[in-house]
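One structure below.
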There are 2 protein chains.
Amino acid sequence: MFIEMDLQSEVPLYAQLVDQLIEGIASGALHPGDPLPSVRSLAADLGINLHTVNKAYTLLKQEGFLQVHRKQGVVVNAEGMPGVTEAFERKLDAQLKTLAAEAAVRGLSAEAFAEKCAGAYRSAITGGGESL
Amino acid sequence: MFIEMDLQSEVPLYAQLVDQLIEGIASGALHPGDPLPSVRSLAADLGINLHTVNKAYTLLKQEGFLQVHRKQGVVVNAEGMPGVTEAFERKLDAQLKTLAAEAAVRGLSAEAFAEKCAGAYRSAITGGGESL
DNA sequence: AAACTGTTATATATTATATATAACAGTTAT
DNA sequence: ATAACTGTTATATATAATATATAACAGTTT
């Protein structure tokens with residue numbers, strides 16, 4: 001598995017897992033229909049509790065990223081990913097505004113900020129290594 | 001005051017206050033040297049506790065956004081704002097990557113994401129109203 | 001002297017996070 | 001069918017984060 005937990009991080013473990021699974025889908029490491037490890041085996045691999053994994057799976061299921069087939073277990077939603085909902089747009093706008101404000105105050109130019117954002121998108125869909 | 005607390009938000013009150021003060025500086029509503037309300041009066045205005053305001057002020061002071069003159073009280077750092085530190089760059093990169101990954105998975109194009117980011121920066125430095 | 005400033009200390013209540021153990025119904029493989 | 005697995009649910013516990021309440025202190029300001 002390409003997932004690693006940072007026990008020192010201020011980000012909750014279940015949130016780290018949610019983020020990394022979405023990044024896995026964005027990068028193409030995970031495709032619609034792909035099976036995911038069971039809550040117990042993934043918890044064992046990561047050295048965390050079963051319920052922490054289950055919380056992440058449940059959140060991703062509620063948002064439409066994952067499905068649970070009674071047979072195959074948990075899989076990446078084979079019917080496609082959720083679109084740009086109003087709730088996501090609100091979250092995106094709010095977080096971008098907070099980040100942009102601090103960036104501007106610290107003297108990061110609009111162009112430099114834009115390049116950071118573009119790089120983050122590129123990094124997300126290629127998975128990992130930064131380009132220039 | 002231009003600050004409003006959302007008691008229903010999942011974002012902690014002290015964090016909402018931190019964000020809105022930084023946005024106030026970014027938009028030009030607050031300038032270096034400008035005095036801020038006392039922890040007691042601002043807490044009373046917002047209907048929250050003195051210690052919640054103090055926590056926000058303390059964080060902003062540690063990061064270099066605010067100063068406390070024994071006479072004038074708390075002011076926006078008159079010696080200028082902190083620059084782009086490595087810690088901020090790490091936080092910015094990590095949060096942008098998370099947001100970009102979800103945006104990409106949901107089908108938001110690189111161009112649409114870039115425009116959202118540019119709009120957030122514009123919105124931050126003008127303060128509020130969205131442009132097109 | 002009175003009213004204010006940030007700061008610190010102590011205490012309490014609520015919620016979020018994470019773990020532990022156990023059990024259930026359904027599925028898969030031996 | 002028995003055993004091993006699946007997600008799911010329930011219960012309990014421990015720790016940390018968040019927020020409030022009350023009080024006090026030293027230093028300013030009026």
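Just so we're on the same page: letters track the sequence lines, and every chain starts at 1.
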Atom pair distance, as rounded to whole Å: [atom1] in [X] and [atom2] in [N]:
| X | N | atom1 | atom2 | value |
| --- | --- | --- | --- | --- |
| His51(A) | dT13(D) | NE2 | P | 15 Å |
| Glu10(A) | dT15(D) | CD | P | 22 Å |
| Gln72(A) | dT28(C) | CD | P | 9 Å |
| Leu66(B) | dT7(C) | CG | C1' | 15 Å |
| His69(B) | dC4(C) | NE2 | C1' | 18 Å |
| Ile48(A) | dA20(C) | CD1 | P | 11 Å |
| Leu50(A) | dT6(D) | CG | C1' | 11 Å |
| Gln67(B) | dG6(C) | CD | C1' | 15 Å |

- Task: Report the C-alpha distance between Leu60(B) and Val18(B) in whole Å, list the side-chain angles of each, state the deciding distance to 0.1 Å, and finish with yes or no for side chain to side chain contact (heavy atoms under 4.5 Å, CB included).
- Result: CA-CA 7 Å; Leu60(B) 289 166; Val18(B) 164; 3.9 Å; yes

- Least distance between heavy atoms, Gly64(B) atom then Pro82(B) atom: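 Reported closest heavy-atom pair: O-CD, 3.4 Å.
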
Using a strict 4.0 Å threshold on nitrogen-to-oxygen distance, state whether [X] and [Y] make a salt bridge.
| X | Y | value |
| --- | --- | --- |
| Glu102(A) | Lys97(A) | no |
| Arg106(A) | Glu63(B) | yes |
| Glu86(A) | Lys91(A) | no |

Under 4.0 angstrom between [X] side-chain N/O and [N] OP1 or OP2:
| X | N | value |
| --- | --- | --- |
| Lys61(A) | dG7(D) | no |
| Tyr57(A) | dG7(D) | no |
| Lys55(B) | dA19(D) | no |
| Asn49(B) | dA19(D) | no |
| Tyr14(B) | dA19(D) | no |
| Asn54(B) | dG6(C) | no |
| Thr52(B) | dT20(D) | yes |

- Any-strand Watson-Crick or G-U partner of dA23(D), both distances under 3.5 Å: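 In the structure as shown, dA23(D) has dT8(C) as its Watson-Crick or wobble partner.
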
- Message: If you go through the side-chain atoms of Arg40(B), does one of them form a donor-acceptor pair with the base of dT22(D) closer than 3.5 Å?
- Response: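 Looking at the base of dT22(D), it does not pair with any donor or acceptor on the side chain of Arg40(B) (distance under 3.5 Å).
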
